[in-house]
Amino acid sequence: MPGWDLADRMALRALEWTWSRRDSFRLPDDVTDPAVSVDATLKPLGELAQTAAFVRRSSAAGSPRRRLADDCLRFAWDQLRHGQVLFDLLRSEPVAAYPLEVYAPFPGAGLRHRPLEEFGAFLAGTRAWQVAEHVPTRVLGVRSVLRDLAIGPEPDPAEVVGRTWLGGRPEPWAMDVHAGYALTHDVFHLTDWGRRPEGLPAHLADYLGVWLPAWVETWLEERHWDLTGELLAVDALLPRPTAGQETWERYAAAQAADGSVPAVGDRLGPGLTPPEVFAVCHHATLVAAFAAALVDARPRHAAA
């Protein structure tokens, strides 16, 4: 594991850049229009909320990192009009899970929209929700939301995990970018985005403990910082993390002086517009904040 100073510094700088670019996360006025892309508007804001919620929970009260995480979470809540945007979306798409997935990080910080929760509880009990077809990783995501909000029956996790890429424990050479992101999100869903590391089954933790070092090395060499960060976040959730100081220093070297982390490749050159910089950096920078905060939170997990 890296030194806590490195992890704390990386998380703080990533949040500082994110906060400085908060205008790029703003939702358009017509966000509930079916013609507006959810992936281009609501998805980045939901990622901001999920990251900020964990960093807030794992940071010392009154610390700069805690204050920034609070600010980011409150900003996201304000953009969602205190949950009303998600309520309107769920009413217009009653078989869609994403409004509840975006909402899930907020109640833990005391930010609630009761009508949304009540409507979500009703929908979760309908036949339409029970038979909705999702890939296994998405089923784990929906299960995590239902558990977080205590609003509906949860699918059997063992049965669902067995149908994921990770659950099949494939040959390690079969790893590619698509499988990598599926694997990391399986772990995030099983551990409630870092809140319950014990939610990762022991046999999967053992499998990851064997092969994560090789996969991390592969994506470090490829300078795929976004996937490297997600894999290091998974590593930080293992009972015995495998990534040491040298690995984390190589990853941290991708972070620019302003705190941003590019998704892939070298640091950004001049000439990019602010929207282009945001598109290239926002997700990898949030991942860096999340992964580094997970490392810093490990002593608290161990003590719990």
Side-chain angles (χ1 to χ4, degrees), residues 11-33 36-59 61 63-91 93 96-117 119-120 141 144-145 148-149 185 188-189 192-195 226 229-230 233 259-261 274-275 277-279 281-294:
L12 178 60
R13 291 169 62 202
L15 280 181
E16 287 173 341
W17 181 87
T18 299
W19 180 246
S20 74
R21 301 294 178 125
R22 61 190 178 277
D23 283 348
S24 297
F25 288 95
R26 292 187 183 278
L27 296 178
D29 292 338
D30 59 350
V31 65
T32 58
D33 188 317
V36 174
S37 169
V38 170
D39 285 344
T41 56
L42 207 60
K43 187 173 183 287
L45 191 71
E47 293 163 347
L48 172 64
Q50 190 67 257
T51 301
F54 178 81
V55 175
R56 175 187 182 276
R57 203 165 42 244
S58 63
S59 301
S63 66
R65 203 172 76 187
R66 172 66 177 262
R67 289 195 296 270
L68 272 172
D70 274 332
D71 288 343
C72 287
L73 194 63
R74 175 61 69 176
F75 168 83
W77 187 239
D78 289 343
Q79 286 298 298
L80 294 168
R81 289 189 279 122
H82 299 189
Q84 187 62 38
V85 168
L86 300 175
F87 186 42
D88 292 344
L89 286 167
L90 191 60
R91 287 191 298 178
E93 298 182 72
Y98 73 86
L100 291 175
E101 291 179 278
V102 174
Y103 176 70
F106 294 102
L111 305 173
R112 309 194 80 113
H113 189 288
R114 298 293 184 180
L116 172 61
E117 293 183 26
F119 189 45
S144 178
V145 169
D148 284 350
L149 300 178
H185 282 74
F188 299 155
H189 296 320
D192 286 343
W193 292 91
R195 294 194 301 273
D226 192 60
E230 293 209 5
S260 64
V261 179
V277 171
F278 180 78
C281 292
H282 84 271
H283 186 267
T285 304
L286 288 173
V287 168
F290 179 55
L294 277 167

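Side-chain atoms are counted along with the backbone in the values below, which use heavy atoms only and exclude waters and symmetry mates. For this chain, numbers begin at 1 and follow the sequence in order.
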Check residues 287-294 and write down every donor-acceptor pair under 3.5 Å in which the side-chain atom is one partner and the other belongs to a residue at least two apart or another chain.
none

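Taking OG1 of T285 as the reference point, atom CG of L48 lies at 11.5 Å (rounded to 0.5 Å). Rounding to the nearest 0.5 angstrom, the gap separating the CG atom in L89 from the CG atom in L100 is 11.0 Å. Taking CG from L68 and CH2 from W19, the interatomic distance works out to 8.0 Å, rounded to the nearest 0.5 Å. Separation of atoms NE2 (H282) and OG (S260) is listed at 13.0 Å; rounding is to 0.5 Å. We find the OG1-CG distance between T32 and L27 to be 10.0 Å, quoted to the nearest 0.5 Å. Atom OG1 of T51 is separated from atom CG of L286 by 4.5 Å, given to the nearest 0.5 angstrom.
Partners of R22 by salt bridge (Lys or Arg N to Asp or Glu O under 4.0 Å), not counting sequence neighbours: none found. With sequence neighbours left out, R13 forms a salt bridge (Lys or Arg N to Asp or Glu O under 4.0 Å) with no residue at all. Partners of S24 under the side-chain contact (heavy atoms from CB on, under 4.5 Å) rule, at least two apart in sequence or in another chain, are F278. E16 meets the side chain to side chain donor-acceptor pair (under 3.5 Å) test with no other residue; sequence neighbours excluded. Here R67 pairs with nothing under the salt bridge (Lys or Arg N to Asp or Glu O under 4.0 Å) rule; sequence neighbours left out. Qualifying salt bridge (Lys or Arg N to Asp or Glu O under 4.0 Å) partners for D78, counting only residues two or more places apart in sequence or in other chains: none. In this structure D192 satisfies the side-chain contact (heavy atoms from CB on, under 4.5 Å) test together with S144, R147, D148, R195, R196, sequence neighbours excluded. Evaluation of the ring pair (Phe, Tyr, Trp, His ring centres under 6.0 Å) rule for F119 yields no partner, not counting sequence neighbours. A search for side-chain contact (heavy atoms from CB on, under 4.5 Å) contacts involving V38 returns L42, Y98, not counting sequence neighbours.
Across all non-hydrogen atoms, the minimal contact from R65 to V55 is CG-CG1, 3.7 Å. Closest of all the heavy-atom pairs between F106 and A76 is CZ-CB, 3.9 Å. Between T41 and P44, the closest heavy-atom pair is O-CD, 3.4 Å. What you find for G108 and R56 is that their closest heavy atoms are O-NH1, 4.4 Å. For H185 against W193, the heavy-atom pair with the smallest separation is CD2-CH2, 4.0 Å. Nearest approach of A284 to V261, heavy atoms of both residues: CB-O, 3.3 Å.
V102 places none of its side-chain heavy atoms less than 4.5 Å from the side chain of L45. At a threshold of 4.5 Å between non-hydrogen side-chain atoms, the residues C281 and W17 count as touching. By the 4.5 Å heavy-atom criterion applied to side chains, V31 and Q79 are not counted as neighbours. With contacts defined as side-chain heavy-atom distances shorter than 4.5 Å, the pair H283/E230 qualifies. Side-chain contact between L12 and P64 is present, with heavy atoms from C-beta onward closer than 4.5 Å.
Other residues, nucleotides and ligands place no more than 12 heavy atoms under 6.0 Å from the CG atom of D29.
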Start with the C-alpha distance between R26 and D23, add both sets of side-chain angles, then the distance that settles salt bridge (charged side-chain N to carboxylate O under 4.0 Å, His left out), and finish with yes or no.
CA-CA 5 Å; R26 292 187 183 278; D23 283 348; 2.8 Å; yes
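Contacts classified as salt bridge (Lys or Arg N to Asp or Glu O under 4.0 Å) and involving residues 36-46 (residues at least two apart or in different chains) are given here: K43-E47. Applying the side chain to side chain donor-acceptor pair (under 3.5 Å) test to pairs two or more places apart or on separate chains, those with a residue in residues 102-115 are Q84-H113, Y103-E117, R112-E117.
Geometrically, R91 engages F87 in a cation-pi contact defined by less than 6.0 Å to the ring centre and at most 45° from the axis.
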